[in-house]
Amino acid sequence: MAVDHLSTKEGYDRWAEVYDTDGNPLVALEEPEVDRVLGDVTGLAVADIGTGTGRHAVRLAAAGARVTAVDFSEQMLARARAKAGALDIAFVCHDLTHGLPLADASFDRVVCGLVVDHIADLAGLFGELKRITRPDGIIAVSVMHPAMMLKGVQARFTDPTTGRETRPASHPNQLSDYVRAAVTVGLGIAHISEHAVDAELAARLPRAQKYLGWPMLFLLGLRP
Ligand SMILES: C[S@@+](CC[C@H](N)C(=O)[O-])C[C@H]1O[C@@H](n2cnc3c(N)ncnc32)[C@H](O)[C@@H]1O
């Protein structure tokens, strides 16, 4: 099948229209696992790095966190800003390949959900995540499991305008690349896990069925 390859930013600008409604099993698998790593966020300062449509940001704000949310896709951010509960979130439009416009040691929790498969300089970004996190803070990094590449899958969606499979640019990072980046910048690994599609998820989301038993999610919990 013909695939449209776009820059990461243009790809997400187009994906924004259907991102929250396209029944993505990775998102369903990821959310509870990220919550387990973050723990109770009531009253905490939380940064959502690569917030997209604010999936984590809005939930975490509703749970009582003070949330700052960063992304470079204006269209994804527009979806996030339009959500109920987004009024109290500080949104920042910024390219993560440049240093984050956030103060040192200013967040108790940092989440970077399903973003780092778009990042070539992982150590550069992980160093920035470490810099903005308080010494006793936790950083949750989730990403599509690289084993999905063996099935020919990278971040992709069906563009509702063209009807074509469309891929924002990704980098073929492996598990060792993520772990090496964390260790290189001096982050401690407090949590590391891989998650496969189980029967419950496959029954709930038709798109998950063909990945039953296959690793779909990789998750790190990091400490400065
Ligand atoms: C798969 S979405 C994840 C969104 C959200 N974190 C979630 O889990 O639902 C990836 C997001 O990363 C953002 N992103 C990718 N590369 C980026 C970069 N260099 N700078 C800023 N945002 C970036 C995209 O715009 C997109 O919103």
Residue pairs, two or more places apart or on separate chains, that pass salt bridge (charged side-chain N to carboxylate O under 4.0 Å, His left out) and touch residues 178-198: Asp177-Arg180
Donor-acceptor under 3.5 Å (Thr42 side chain, Gly64 main chain): no
Ring pair (Phe, Tyr, Trp, His ring centres under 6.0 Å) contacts in which one or both residues fall within residues 165-184, not counting sequence neighbours: none
Residues which pass salt bridge (charged side-chain N to carboxylate O under 4.0 Å, His left out) with Arg167, listed by chain and number, not counting sequence neighbours: Glu165
Closest heavy-atom pair and its distance - Ile132, Ala47: CD1-CB, 4.1 Å
Qualifying residues under side chain to side chain donor-acceptor pair (under 3.5 Å), relative to Tyr211, sequence neighbours excluded: Arg156
Ser142 side-chain N/O to Leu114 backbone N/O, donor-acceptor pair under 3.5 Å: yes
All pairs passing ring pair (Phe, Tyr, Trp, His ring centres under 6.0 Å) where residues 29-83 contributes a residue, at least two apart: none
Residue pairs involving residues 113-123 (criterion salt bridge (charged side-chain N to carboxylate O under 4.0 Å, His left out); sequence neighbours excluded): none
Residue that, paired with Asp71, satisfies side-chain contact (heavy atoms from CB on, under 4.5 Å) out of Thr53, Asp48, Ile49, Leu77: Leu77
Nearest heavy atoms of Gly54 and Ala80, plus distance in Å: N-CB, 3.6 Å
Mind listing the side-chain donor-acceptor pairs of residues 90-104 below 3.5 Å, one per line with the distance, residues two or more places apart or on another chain?
from, atom 1, to, atom 2, distance (Å)
His94, NE2, His98, O, 3.1
His94, NE2, Gly99, O, 2.8
Asp95, OD1, Thr97, N, 2.9
Asp95, OD1, Thr97, OG1, 2.8
Asp95, OD2, Thr97, OG1, 3.3
Asp104, OD1, Arg131, NH1, 2.6

For His118, all residues meeting ring pair (Phe, Tyr, Trp, His ring centres under 6.0 Å), sequence neighbours excluded: Tyr12
Short side-chain to backbone donor-acceptor contact, Arg66 and Gly43, under 3.5 Å: yes
Polar side-chain atom of Thr166 near backbone of Arg164 as donor-acceptor pair, under 3.5 Å: yes
By salt bridge (charged side-chain N to carboxylate O under 4.0 Å, His left out) - contacts of Lys9 (at least two apart): Asp13
Minimum heavy-atom distance between His195 and Ser193, given as atom pair plus value: NE2-OG, 2.7 Å
Qualifying salt bridge (charged side-chain N to carboxylate O under 4.0 Å, His left out) pairs with a residue from residues 135-145, counting only residues at least two apart or across chains: none
Where at least one partner belongs to residues 16-33, residue pairs that pass salt bridge (charged side-chain N to carboxylate O under 4.0 Å, His left out), sequence neighbours excluded: Asp20-Lys83, Asp22-Arg207, Glu30-Arg55, Glu31-Arg55, Glu31-Arg59, Glu33-Arg36
Gap between atom CG of Leu205 and atom CG of Leu26 - 0.5 Å precision: 11.0 Å
Gln154 (side chain) donor-acceptor with Ser170 (main chain) under 3.5 angstrom: no
Intermediate values then yes/no, side chain to side chain contact (heavy atoms under 4.5 Å, CB included), Ile189 and Val179: CA-CA 8 Å; Ile189 298 176; Val179 172; 3.8 Å; yes
Contacts of Phe157 that satisfy ring pair (Phe, Tyr, Trp, His ring centres under 6.0 Å) - sequence neighbours left out: Trp15
